[in-house]
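Heavy-atom basis, side chains included; hydrogens, waters and symmetry copies ignored. Quick caveat, the model's predicted, so the values are computed rather than measured. A note on names: the letters A, B, ... follow the listed sequences, proteins ahead of strands, and every chain is numbered from 1.
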Protein chains: 2
Amino acid sequence: MELRQLKYFLRAKELLNFTAAASVLHISQSTLSQQVKQLEIELGTPLFERIGKRIKLTEAGELFHDYALQSVTSANNGFQMLKDLNNMETGELKIGVTFALRQVIATTVKQFLALYPKILVHIVYGTSEELLQKLDNFELDFILSFEEFEKNNSHQYQPLFDSPMVLIGSPESDLKKVNKIRVKDIENLPLALPAKGFSTRKYIDDVFKKKNLNLNISIEVNDIPMLLDLVKSGKYYTILAKTTIQDYDSIIAVPIIQPALMRKGMIISAKDIYEKRAVSEFYKIIDQYTNSPSPVS
Amino acid sequence: MELRQLKYFLRAKELLNFTAAASVLHISQSTLSQQVKQLEIELGTPLFERIGKRIKLTEAGELFHDYALQSVTSANNGFQMLKDLNNMETGELKIGVTFALRQVIATTVKQFLALYPKILVHIVYGTSEELLQKLDNFELDFILSFEEFEKNNSHQYQPLFDSPMVLIGSPESDLKKVNKIRVKDIENLPLALPAKGFSTRKYIDDVFKKKNLNLNISIEVNDIPMLLDLVKSGKYYTILAKTTIQDYDSIIAVPIIQPALMRKGMIISAKDIYEKRAVSEFYKIIDQYTNSPSPVS
DNA sequence: TAACATCAATCGATAAAACCGATTAATAAA
DNA sequence: TTTATTAATCGGTTTTATCGATTGATGTTA
């Protein structure tokens, strides 16, 4: 039994497809097939059930998974910990960010790089769904996102700030006359909203469904700047967290009330993973940012 | 990084001697040397400091140890767990027993084997020191012993019973006239005691030292039956837990008081280790044994 | 139903890597 | 000083991980 084989097994279990897993692992399908078989022989029990050309995990495979993951994770953690000892000379930091928190990362990453110029920072934008999967595959150190609806026991959550949802319109719109708006008053406004898959969109849908209100959606877009461009044009309104539009000009935003819609900004990371120094340093900077006098919210 | 290399590292760290470690691992010294070096290169930092022909662990090595151990342990646990699924068809059970608890294991192992005849049981006698080291090397599943003085955070302890310490003499000795004896009355009796290294001996030494009493030791032996033979001969007394002499005839034993000396029988096992079914089944039998109407004590 | 696409297993060959024995160099012990 | 002990290194051998090609089984589509 070797870590190599455990890693192969984990990937095969995840994808339930030897060919695809081999490709991800940059080995041939034949190699993967042989290595898994060898592991099974050593363990004395099959880990996969071969049904025709399909594979599915056996009960033994299911049970073995946790141990294999723990073993691989521990080795990785030890490796990461040692890299840290070299005082972040060669560090790398991979951060997943949802589109809604673009402003948070834009500000903090500059401060971080000023302090630690040798660290290579990767920023990956995506929907929370995409990012959470990458987190589970060890492709990200942490995620900046709004609160998740379904919390997962293998993740840990650090709340950062509360951000009110706002209705956004062009400076020529009727919004200039009010300083707040009720949920039910939004019902008949023509909306441009983030596409399905965005957590903000899911949040909006849930709220309106619960109150039995309709949404008058004209356009769905999976890009926030384009959404705001549409709003600026004057025809449409949109709904976002105030944090999301912090640095945009030429728009008007008013808080939504009855009920007041709030979203929690969060750091999501994987439990049981060694926390690199670069990661904890970044957390500190985010903390400063969110605790400074009304940086967001 | 492979489990093989982590195992090599752990053994080398334990023995601080590549030649000896290689021998235990059944590989050549040159192979061990190369594999450790390769691991060090991959980790980007030396794990051992080479001072002439000596080696000692670097700080990095010290830190890395816990992760390596965790990784290897998890893989082993997964392996053990799967073996268990085969319903103990090929099980093996390794039990360490201190001499003092000979009677406990003698009775329980018979019952266990009657229930699970296919399990191969190894029983290893030794001092607690020897046995604890074997436990840490995964050479034992658990230990039956009296309570340890220095508890170790990587072990877990299950108390079984309390056994009073007794003064033991021949049927012709003056002990027949009394039914208990004070600690300070033992001071001038000629004693045959277990040798240094026995936990019972350490316990006795500690008690007498604390009370500023002398021990009049005539003979030290590292074998309990011989100790009792000497006692039977009439010249000497000895001190043991009552449990230890449970099935011996032709001796007289009286409890020691002021203070009453008691020892706790214990199961000691390693934390974070998968508990085989054979092990939990054995625990059940020991439980029955110690909870039955005065089996020991 | 026939042709095609997809997938895991298997085979033979190759490249990589673990391993060994012998030797060297350093150093501790006698 | 001599001897014994120990880790590193070198060259050669064995083992094994890997690959590409093929097979056979099984879905999928025309």
Which whole-number value in Å describes the distance from A/F18 CZ to D/dT18 P? 14 Å

What is the distance from CG of B/L47 to P of D/dA8, rounded to the nearest Å? 12 Å

Mapping B/E40 and A/R4 to their closest nucleotides on DNA chain D, which lands nearer the 5' end? B/E40

Which of parallel (below 30°), tilted (30 to 60°) and perpendicular (above 60°) describes A/F198 and A/F99? parallel

Rounded to the Å, how far apart are A/H26 NE2 and D/dC19 C1'? 16 Å

Atom CG of A/L25 and atom C1' of D/dC19 are separated, to the nearest Å, by 15 Å

Has B/N17 got a side-chain N or O lying under 4.0 Å from the OP1 or OP2 atom of D/dT5? no

Map B/Q29 and A/Q5 onto DNA chain D by nearest heavy atom, then report which one ends up closer to the 5' terminus. B/Q29

Can you name the residues that form a side-chain contact (heavy atoms from CB on, under 4.5 Å) with A/S23, not counting sequence neighbours? none

Who passes side-chain contact (heavy atoms from CB on, under 4.5 Å) against B/K94, sequence neighbours left out? B/E92, B/H122, B/L140, B/D141

Value in whole Å for how far the C1' atom of D/dT6 lies from CG of B/L16: 13 Å

Quick check against the 3.5 Å criterion: does B/Y157 have a side-chain atom that pairs as donor or acceptor with the backbone of B/N152? yes

So A/Q38, base contact, sugar-phosphate only, or nothing? Heavy-atom distance under 4.0 Å. sugar-phosphate

Students often get this wrong, so: under 4.0 angstrom with heavy atoms, is B/T31 touching a base, only sugar-phosphate, or nothing? base

For the side chain of B/S145 and the backbone of B/T98, is there at least one donor-acceptor N/O pair under 3.5 Å apart? no

A/E139 CD: over 12 foreign heavy atoms closer than 6.0 Å: yes

Using whole Å, what does the distance between atom C1' of nucleotide D/dT26 and atom CZ of A/R50 come to? 16 Å

Just to confirm, is there a sub-4.0 Å distance from OP1 or OP2 of D/dT6 to any side-chain nitrogen or oxygen of B/T19? no

What is the distance from CD of B/Q34 to P of C/dG21, rounded to the nearest Å? 13 Å

Classify B/Q35 by what it touches in the nucleic acid, base, sugar-phosphate, or nothing, heavy-atom distance under 4.0 Å. sugar-phosphate

Sugar-phosphate only, base, or nothing, as touched by A/F48 at under 4.0 Å among non-hydrogen atoms: nothing

B/L57 CG to D/dA7 P, straight-line distance once rounded to whole Å: 14 Å

A/E59, CD atom: more than 12 neighbouring heavy atoms under 6.0 Å: no

Under 6.0 Å between ring centres: does that hold for A/F9 and A/F48? yes

How bent is the helix from C/dT1-D/dA30 to C/dA30-D/dT1, measuring the angle between the end axes built from five pairs each, rounded to 10°? 30°

Strictly below 4.0 Å: does B/K37 bring a side-chain N or O up to OP1 or OP2 of D/dT9? yes

Closest listed nucleotide, where the reference is the side chain of B/S30 and the choices are D/dG20, D/dT18, C/dC20: C/dC20

